[in-house]
Chemist: 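This is the structure, below, for whatever I ask next.
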Amino acid sequence: MEAIKNYISEHKERFISELIDLLKMPSVSADTAFTQDVLDTADAVKKALTEAGCDAVEICETDGYPIVYGEKIINSDLPTVLVYGHYDVQPADPINLWTSPPFEPVIKKTDKHPEGAIFARGACDDKGQMYMHVKAMEYMVKTNQLPCNVKFMIEGEEEVGSSNLAIFVANNKEKLANDIILISDTGMIANDVPSITTGLRGLSYVEVEVTGPNRDLHSGLYGGAVANPINILTKMIASLHDENNHITIPGFYDKVEELSKEERAEMAKAPFSLENYKDALDIDAVYGENGYTTNERNSIRPTLDVNGIWGGYTGEGAKTVIASKAFAKISMRLVPNQDWKEITELFKKHFESIAPEGAKVLVKPHHGGQGYVTPINTIGYQAASKAYETTFGKKPIPQRSGGSIPIVALFEKELNSKTILMGFGLDSDAIHSPNEHFGVWNYLKGIETIPYFYKYYTELFKK
Ligand code: BES
Ligand code: MN
Ligand code: MN
């Protein structure tokens with residue numbers, strides 16, 4: 001299959017320009033100002049799948065944004081790979097922190113990407129990574145090397161919780177039947193340290209509201225005599241961690257899977273420089289749960305973080321006021337065995353219980369999902385590992401990620417299949433941040449590696 005390298009060098013300018021065209025479409029699922037753009041992007045994905053050689057490409061309507069589905073079934077005796085990805089992107093703001101406009105992709109060199117990276121919202125998460133699969137498919141179909149059946153399911157609501165996809169999956173089990181699910185929507189350690197993501201954290205996302213007096217008050221006339229919701233809220237939030245940075249919600253850790261010494265030692269072998277980590281973030285120390293390393297804190301341990309907090313006067317100058325209400329958005333990242341609905345309930349019960357007299361607390365659950373760990377003794381993992389070994393010349397390291405793709409646990413439950421997470425992004429690619437980018441090298445390496453997965457997976461499947 002050296003041929004894939006030739007195919008890539010022959011077509012790489014087109015591969016890049018097609019991705020750039022897709023990145024120009026502002027498919028922000030969270031913001032209704034972009035509704036038409038999200039719908040147009042679904043059409044563009046449909047066209048791309050058709051051109052890549054999928055046989056039956058359809059736009060599947062949902063109560064939200066559509067799911068683009070396409071397949072190529074060559075022989076029912078052969079295995080079926082289901083590729084999942086998302087065409088929606090995170091909001092681009094704060095726009096003023098971008099060095100070039102988020103929906104006007106440009107290629108710029110970076111320290112980590114000396115060959116250049118495409119800067120645009122969605123470049124890495126997930127349009128660039130999703131499109132690698134479309135181009136790998138094009139290669140396999142055009143050169144008659146597709147070794148098995150393929151189904152594509154590309155959704156438009158991943159960044160807002162995938163609730164309509166969950167319904168679609170439950171209602172279309174037969175259509176989506178597969179032997180293995182393949183996703184590129186995660187990262188790897190470094191371009192010379194390939195890794196395969198073997199775990200995703202679960203998530204519980206809640207919003208809280210604290211109400212004090214029934215109207216905003218003069219902070220002199222009433223200050224000191226009534227509960228100030230912002231003071232109360234920040235105090236309540238501060239109490240959610242103890243001096244060891246453990247989360248104080250009763251029952252929160254009850255089901256957390258404790259890794260054995262051996263498993264932790266194995267994890268610690270992955271190359272990691274704390275100095276580089278701190279340098280990259282301009283921090284002089286890391287911070288987190290006592291007794292765990294940085295890599296453990298952000299993968300095998302659960303967390304609780306305020307994602308946003310507001311209330312009172314934040315405009316120019318000063319206004320002396322005690323606000324009537326204060327708000328916060330809080331995410332909890334969960335690890336295997338923690339049930340997100342149960343944790344959401346525990347949070348709600350606890351948060352309501354710690355509200356002092358004189359303040360009312362409302363907890364509004366948003367969305368969530370279960371964590372996921374993929375076993376490495378499967379033919380799916382072995383095929384992926386061999387694929388990386390072939391194209392990177394190195395065996396990839398299995399590594400659990402801190403991020404979440406809640407739909408993966410649901411796939412396992414509804415479709416009864418495992419997911420292989422072949423991510424080609426780097427942590428420094430700034431997903432969800434200003435100046436998101438995806439290395440051109442990574443993009444092309446992904447296109448090169450994916451066809452080997454199909455080849456090895458089909459070979460191992462037949463054995
Ligand atoms: N692709 C990311 C998740 C990710 C990134 C996992 C890197 C591992 C490594 C996905 O698009 C995402 O952002 N997920 C959200 C959750 C979702 C429910 C909004 C997340 O992790 O915050
Ligand atoms: Mn993603
Ligand atoms: Mn994302």
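When a ligand or atom number is given, it counts from 1 through the structure's own listing order. Note that this is a predicted model, so its numbers are computed, not measured.
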Chemist: Can a donor-acceptor pair be found between the side chains of Tyr452 and Glu389 at a distance below 3.5 Å?
Modeler: no
Chemist: Assess the side chains of Lys127 and Ser27: does a donor N or O sit below 3.5 Å from an acceptor N or O?
Modeler: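 Note: Lys127 and Ser27 side chains meet the donor-acceptor criterion.
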Chemist: Between Ser162 and ligand 1, which part of the residue brings a heavy atom under 4.0 Å of the ligand: side chain, backbone, both or neither?
Modeler: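 No part of Ser162 comes within reach of ligand 1.
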Chemist: Is the shortest N/O to N/O distance between His367 and ligand 1 below 3.5 Å?
Modeler: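 No.
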Chemist: Answer with side chain, backbone, both or neither: which part of Ser404 has a heavy atom less than 4.0 angstrom from an atom of ligand 1?
Modeler: both
Chemist: Test of understanding: given a 4.0 Å heavy-atom threshold, classify the contact between His432 and ligand 1 as side chain, backbone, both, or neither.
Modeler: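 It is the side chain that touches ligand 1; the backbone stays farther off.
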Chemist: Are any of the N/O atoms in Thr186 less than 3.5 Å from those in ligand 1?
Modeler: no
Chemist: Return the orientation label for the Phe392 and Phe424 ring planes: parallel under 30°, perpendicular over 60°, tilted otherwise.
Modeler: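 If you compare the ring of Phe392 with that of Phe424, the planes turn out parallel.
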Chemist: Between Glu159, Arg333, His366, which one has a non-hydrogen atom sitting closest to atom 22 (O) of ligand 1?
Modeler: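 Shortest heavy-atom distance from atom 22 (O) of ligand 1: Arg333.
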Chemist: Could you tell me whether ligand 1 has any atom less than 4.0 Å away from a heavy atom of Gln90?
Modeler: no
Chemist: For Phe351 and Phe347, take the angle between the two ring planes, folded into 0 to 90°, and tell me which bin it lands in: parallel under 30, tilted 30 to 60, perpendicular over 60.
Modeler: parallel
Chemist: Purely on distance, is any nitrogen or oxygen of His86 under 3.5 Å from one on ligand 1?
Modeler: yes
Chemist: Report the part of Glu157 in contact with ligand 1, treating N, CA, C, O as backbone and CB onward as side chain, heavy atoms under 4.0 Å; options are side chain, backbone, both, neither.
Modeler: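 Within the 4.0 Å criterion, Glu157 makes no contact with ligand 1.
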Chemist: Between Gly403, Gly85, Ser163, flag the one that comes closest to atom 6 (C) of ligand 1 by a heavy atom.
Modeler: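 The residue whose heavy atom sits nearest atom 6 (C) of ligand 1 is Gly403.
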Chemist: How far apart are the closest heavy atoms of Asp88 and Ser29, and which atoms are they?
Modeler: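 What the structure gives for the nearest pair is OD2-OG, 2.7 Å.
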Chemist: Report the residue from Lys47, Lys46, Glu51, Lys72 that forms a side chain to side chain contact (heavy atoms under 4.5 Å, CB included) with Val57.
Modeler: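 Of Lys47, Lys46, Glu51, Lys72, side chain to side chain contact (heavy atoms under 4.5 Å, CB included) with Val57 is met by Lys46 alone.
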Chemist: Please determine, by modelled atom types, if Tyr69 and Glu71 share a side-chain donor-acceptor pair under 3.5 angstrom.
Modeler: yes
Chemist: State if Asp126 counts as touching ligand 1 under the rule of any non-hydrogen atom under 4.0 Å.
Modeler: no
Chemist: Using every non-hydrogen atom in the two residues, find where Leu426 and Ala190 come nearest and quote the distance to one decimal.
Modeler: CD2-CA, 3.8 Å
Chemist: Trp310 vs Phe327 aromatic rings, parallel, tilted or perpendicular, using cut-offs 30° and 60°?
Modeler: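 Judged by the thresholds at 30° and 60°, the geometry between Trp310 and Phe327 is parallel.
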Chemist: Atom 17 (C) of ligand 1: which protein heavy atom is closest, and how many Å away?
Modeler: Glu158 O, 3.8 Å
Chemist: Should you measure from each heavy atom of Ile431, which atoms of ligand 1 turn up under 4.0 Å away?
Modeler: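 Near Ile431, the atoms of ligand 1 are 5 (C), 7 (C).
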Chemist: Keeping to distances under 2.8 Å, can you name the protein N/O/S atoms close to the Mn ion (ligand 2)?
Modeler: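 Listed by chain and number, the nearby protein N, O or S atoms are His86 NE2, Asp125 OD1, Asp185 OD1, Asp185 OD2.
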Chemist: Could you tell me whether the side chains of Tyr65 and Thr35 share a donor-acceptor contact shorter than 3.5 Å?
Modeler: yes
Chemist: Provide, to 0.1 Å, the distance between atom 8 (C) of ligand 1 and the closest protein heavy atom, together with that atom's residue and name.
Modeler: Ser401 OG, 3.0 Å
Chemist: Scan side-chain atoms only and decide if His367 and Ser163 contain a donor-acceptor pair under the 3.5 Å cut-off.
Modeler: no
Chemist: Between the side chains of Tyr456 and Thr390, does any donor sit under 3.5 Å from an acceptor?
Modeler: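 Note: Tyr456 and Thr390 side chains meet the donor-acceptor criterion.
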Chemist: Rounded to the nearest 0.5 Å, how far does CD1 of Ile343 lie from NZ of Lys348?
Modeler: 15.5 Å
Chemist: Have a look at ligand 1 and work out which part of Asp185, if any, has a heavy atom under 4.0 Å from it: side chain, backbone, both or neither.
Modeler: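 Both backbone and side chain of Asp185 come within 4.0 Å of ligand 1.
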Chemist: Answer side chain, backbone, both or neither: which part of Thr197 comes under 4.0 Å from ligand 1, heavy atoms only.
Modeler: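 Under 4.0 Å from ligand 1, Thr197 contributes no heavy atoms.
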Chemist: Step by step, would you call Thr234 with Ile309 a side-chain contact (heavy atoms from CB on, under 4.5 Å)?
Modeler: CA-CA 9 Å; Thr234 50; Ile309 184 162; 4.1 Å; yes
